[in-house]
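Reading through the structure tokens given below for one structure.
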Amino acid sequence: MEHKGNYNFTDIEAKWQTYWAEHNTFETKDEGSGKPKYYILDMFPYPSGNGLHVGHVEGYTATDVMARYKRMCGFNVLHPMGWDAFGLPAEQYAIKTGQHPELTTEQNIATFKEQLQKIGYSSDWSKEISTTDPDYYKWTQWIFLQIYKKGLAYESFAPVNWCPELGTVLANEEVIDGRSEVGGFPVEKKPLRQWVLKITEYADRLLDDLELLDWPESTKEMQRNWIGRSTGAEITFKVDGTDHTFDVFSTRADTLFGATFCVLAPEHPLVSEIVTLDEKDRVEDYCEAAKDKSEVTRTDVKREKTGVATGAFAINPVNGERLPIFVADYVLMGYGSGAIMAVPGHDERDHIFAKKYNLPIKRVLSPKSSHESLISIEEEAFLGEGILVHSDFLNGLEKAEALARMHHEIEKRGFGKRKVNYRLRDWIFSRQRYWGEPFPLAHDKDGKVHLVDEKDLPVTLPEMSDFKPSKTGEPPLSKAKEWCEVILNGVQCQRESNIMPQWAGSCWYYLRYIDSQNSKEAWGKEKERYWLPVDLYVGGVEHANLHLLYARFWHKILYDLGLVSTKEPFKKLIHPGMILGPNGEKMSKSRGNVINPNDVIREWGADSLRLFEMFLGPIDQPKAWQTQGISGTHRFLKRVWRLLVEEDGTLSSKISHKEEDLETKKLLHKTIKKVTEDTENFSFNTAIAAMMELLNFCYKKESLSFTTAKSFVLLLAPYAPHIAEELWLKLGNKKSVSDVSWPSYEEGLIKEKTVKLAVMFSGKARGTVDASVEASQEEVISLVSFDEKLSKYLEGEKPKKIIYVPGKVINFVI
RNA sequence: GGGGAUGUGGUGAAAUUGGUAGACACGCUAGAUUUAGGAUCUAGUGCUGCGAGGCGUGGGAGUUCAAGUCUCCCCAUCCCCACCA
């Protein structure tokens, strides 16, 4: 490493990492310290076998810069780390290699932890947790019991998302375009007994309380869309000649007069009840075929619409018309009531279906523009705004009035009611895998649920050699016969053999950190009141509709139970933009563009890596790794070193106790202000640029004051902590730089009295004059007229108008 | 189809309330120096032109003394959701 000059980052970094560990430098004192608290949280990693990647380093460096900065600013900072260690990859790896997931998890955690320490992550490791630790998941199970007792967990036998490849059921949030989020395997609908949490009961609050959060607007919008609140009406239709009725949900009750048929989803329970003898075979075949279709084909928007008539008719409650009832798979059982009133005149899907099966199409909205009224309703559905026609009491009304009137009429006549519908489904909370939290409950022979007593928690995972998932949906734990047998409340029971999903442990981990050693309760109330909410949460946007929604949901339940004191868990949220490979593509093994932080640290050092990742661009933007770029931040650190340290390792002779000259002093104070504000605003790239400017300036000077040198090192400390500690020591200080106060600046030194004032002629910039910020317009005009270059623009011209903005610009309009 | 974001040199990017576009860095060019290194230092580097100058923030209009920034229209890329009734 000699060729890199005498800045020996390898030794320096190792030295200070050891120092911090031995001195418990980052130990967090609890409440009562008198300092304001600041809780900085990273989304804890899944400890995969690949170790940390540069994407992790980005987020963790950002929080670490903040943690170190806030400590120096006098905050009591909590900056913990732990492991979201339950989950599929460990289990899949275990099945492949025969190693128990507990073992691989342990090894991976050790690797991750070592890597985090190598990047200089300033965590209080005494707070470390792992979701797989029985002392941790004991409380995950305990929270589940509270949720169950509150009536928010229930068993469902409805069709669920079954992934044969993974051998487990998945939540809606884990299915993307009919495929599993993990692995991308096809997903089918299959009826299986499942535990479900009533997240829909919290839909409104999850939606409304987004207002309270300092989160990226796009993330809030994603959650709003995912919750998908829509207001409309539920309208009840009678089946002609029977006592059967069915409800449809519609946001466009104003078009009820335009309904010409109804459609039931193939899974709708009424289908088999109302189908006529003539149509029975065809309908049964159709429903059977729909069942076989995987979610991938079923939800394909571009697929041709198909359906069959049931032979039955519904009565339109508003005018008594007979409407044929169809079964078609473009109607989904999972949304609304699984039945629709079809208005082909004003709905594109219904229109396509009506054309295909020769069903009547009625116009009930008359377009306002003459252009649109030329298009026949037979040709295409009219989707725009219009005036109601052929609609009895609604005729002549606009949409909003018509809707209100119809809603009123529906309720008055008693064939329906106003209704709010959500796209959000209840959360399917059980998985047919091994490596997860067992449920703390069992069933007796009559299927009645018995809870495990709280004092008997945790229900630990049984040791098993064969924990492969089955093709049938039978959970692996059911093979642990002895474990399954249990007596609860004196009754012989079978333990629940499903496990909780991967997300369970991460729903409350931020609460455990504050009191991770507590064996009596999940967390102490005092500690909760002191530390919550999390002030800054940093992690990937991919969790917008998963972890970030689930954790908010659990938090609200805990709030209702009086177990936490805040409505929301995470006050401010930041998503680090993904770091792409040097070719601008997502880093992946198959693309061969993965950058390993270990290699980078070995070659350039952790400080260079930290600085580089923060300098690459705005924290929330995606950015491509620049293989050459790291030499820039490395060079900067080397220059910092050479500025302050002689080649023999002693303090540079340039540094003296002399009073600093005014120009340097001014720049120093400007830099302190800039770095302070930019760090506060997470604008790390520009903060680093400001430090570079100050360095470049000092580097050319013959001498430097102790004050300037010290302030500079302090500014650098959150970003490049190892070199900062070493330089701080060389500057004759005893304490760790982490225990020193952040430098302050004097506004008076920052305000410039004279500036380079821009001179414009008719809006074109032609040059500058040095003018006082207090100079009058006359003074500035005279400065311009005495300027050799600028005066010529004024010759022979009389400006029509002069705009003068002191300290900024003077513009002569000619 | 719906929602969101982004678009500035060869590259990553800067730019208070509209006020000299390109800070800082990478790369490149020339030179210096040397213990020949992915070292260091100096100068230069938006495009175009010998030059004065002209042109420049995805494209087009507009507001303004002045627009990367404000308004309208269009284009491209990325992300999320999607037969959602």
Side-chain angles (χ1 to χ4, degrees), chain A residues 2-5 176-177 216-226 228 230 232 248-252 255 263 265 298-305 328-332 334-343 347-350 352-353 383 421-424 541-542 544-545 577-578 584 603-604 611-612 615-618 620-636 638-639 642 677 683 685-693 695-696 699-700 756-768 799-805 807-814:
Chain A
E2 284 75 17
H3 64 271
K4 274 170 190 148
I176 295 159
D177 294 333
E217 199 46 48
S218 57
T219 307
K220 291 205 233 177
E221 198 58 26
M222 266 191 237
Q223 291 209 349
R224 284 187 199 109
N225 290 341
W226 185 260
S230 53
V248 306
F249 173 74
S250 177
T251 53
R252 296 299 307 272
T255 61
V263 186
R298 178 77 195 267
T299 55
D300 183 0
V301 188
K302 288 171 209 87
R303 216 175 93 246
E304 201 186 339
K305 302 212 172 352
D329 62 9
Y330 79 91
V331 173
L332 308 173
Y335 184 78
S337 57
I340 62 156
M341 61 175 210
V343 184
D347 181 283
E348 219 167 0
R349 293 150 304 172
D350 298 346
I352 294 167
F353 195 83
L383 307 172
N421 201 42
Y422 301 93
R423 210 194 70 98
L424 184 71
V541 70
E542 65 273 17
N545 291 333
M578 192 185 292
E603 278 199 67
W604 304 99
L611 219 43
F612 175 60
F615 187 60
L616 210 44
D620 56 355
Q621 294 296 118
K623 358 176 207 295
W625 183 269
Q626 306 245 297
T627 307
Q628 313 242 35
I630 193 161
S631 62
T633 50
H634 185 72
R635 210 173 281 166
F636 165 66
K638 278 206 288 191
R639 282 160 66 88
R642 279 202 308 274
E677 289 175 354
S683 182
N685 54 334
T686 50
I688 294 167
M691 288 189 259
M692 286 174 167
E693 276 186 83
L695 174 81
N696 290 345
Y699 207 71
K700 288 179 185 168
K756 291 221 176 296
L757 188 86
V759 181
M760 296 173 119
F761 296 92
S762 299
K764 284 203 189 300
R766 296 295 181 185
T768 60
K800 266 189 268 176
K801 202 172 165 187
I802 297 170
I803 286 109
Y804 172 53
V805 184
K808 298 265 188 202
V809 73
I810 185 156
N811 190 2
F812 299 89
V813 186
I814 295 165

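The chains referred to below are lettered A, B, ... by the order of the sequence lines, with proteins before strands, and numbering in each begins at 1.
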Would you mind classifying the nucleic acid contact of A:Lys756 as base, sugar-phosphate or nothing, using non-hydrogen atoms under 4.0 angstrom?
base

In dot-bracket form, 5' to 3', how is RNA chain B paired? Count Watson-Crick and G-U wobble pairs only if both distances fall under 3.5 Å, and write | where the partner sits on another strand.
(((((((..(((......[....)))((((((.(..)..))))))(((....)))..(((((..]....))))))))))))....

Rounded to whole angstrom units, what separation is found between the NZ atom of A:Lys808 and the P atom of B:A67?
16 Å

Under a 3.5 Å threshold, yes or no: a donor from one side chain and an acceptor from the other, between A:Asn225 and A:Arg423?
no

Looking only at atom P, what distance separates B:G51 and B:A13, rounded to whole Å?
32 Å

Roughly how far apart, to the nearest Å, are B:A21 and B:U69 at atom C1'?
11 Å

Could you work out which one of B:G12, B:G54, B:G4 sits closest to the side chain of A:Arg766?
B:G54

Between B:A13 atom P and A:Trp625 atom CH2, what is the distance in whole Å?
15 Å

Look for any protein N or O under 3.5 Å of an N or O in nucleotides 24-28 of chain B and output each such pair with its distance, or none.
unit_1, atom_1, unit_2, atom_2, d
B:A25, OP1, A:Asn696, ND2, 2.9
B:C26, OP1, A:Arg635, NH1, 2.6

Just the rounded figure in Å: distance from P of B:G7 to CD of A:Gln621.
7 Å

Nearest-angstrom distance from the residue atom CZ of A:Phe636 to P of B:A39
18 Å

Once each nucleotide of nucleotides 76-84 of chain B is scored for protein heavy atoms under 4.0 Å, what B/S/- sequence comes out, 5' to 3'?
----SSBBB

P-based separation of B:A36 from B:A43 [nearest Å]
26 Å

Which residue in the set A:Val813, A:Ile810, A:Asn811 passes side chain to side chain contact (heavy atoms under 4.5 Å, CB included) when paired with A:Ile802?
A:Ile810

Side-chain N or O of A:Arg642 closer than 4.0 Å to phosphate OP1/OP2 of B:C41
yes

Taking for each residue the nucleotide of RNA chain B with the nearest heavy atom, is it A:Gly617 or A:Glu348 whose nucleotide lies nearer the 5' end?
A:Glu348

For A:Asn685, which contact category applies under a 4.0 Å heavy-atom criterion: base, sugar-phosphate, or nothing?
sugar-phosphate

No-H, no-angle donor-acceptor pair, A:Glu603 side chain to B:G38 base, under 3.5 Å
yes

Compare the minimum distances between each of B:U42, B:A15, B:A85 and the side chain of A:Ser230, then state the nucleotide with the smallest one.
B:A85

How long is the line joining CD of A:Glu677 and P of B:A15, in whole Å?
12 Å

Note: A:Met341 and A:Ser250 closest approach over all heavy atoms is CE-OG, 3.7 Å

Which atoms form the tightest heavy-atom contact between A:Leu332 and A:Ala265, and what is the distance?
C-CB, 4.0 Å

Considering only atom C1', compute the distance from B:G46 to B:A15 and round it to an integer number of Å.
16 Å

Quantified in whole Å, what is the P atom distance between nucleotide B:A52 and nucleotide B:C47?
16 Å

At under 4.0 Å, does any side-chain N or O of A:Lys623 touch on OP1 or OP2 of B:G12?
no

Looking at A:Lys305 and A:Asp350, would you say the former's side chain and the latter's main chain have a donor-acceptor pair under 3.5 Å?
no

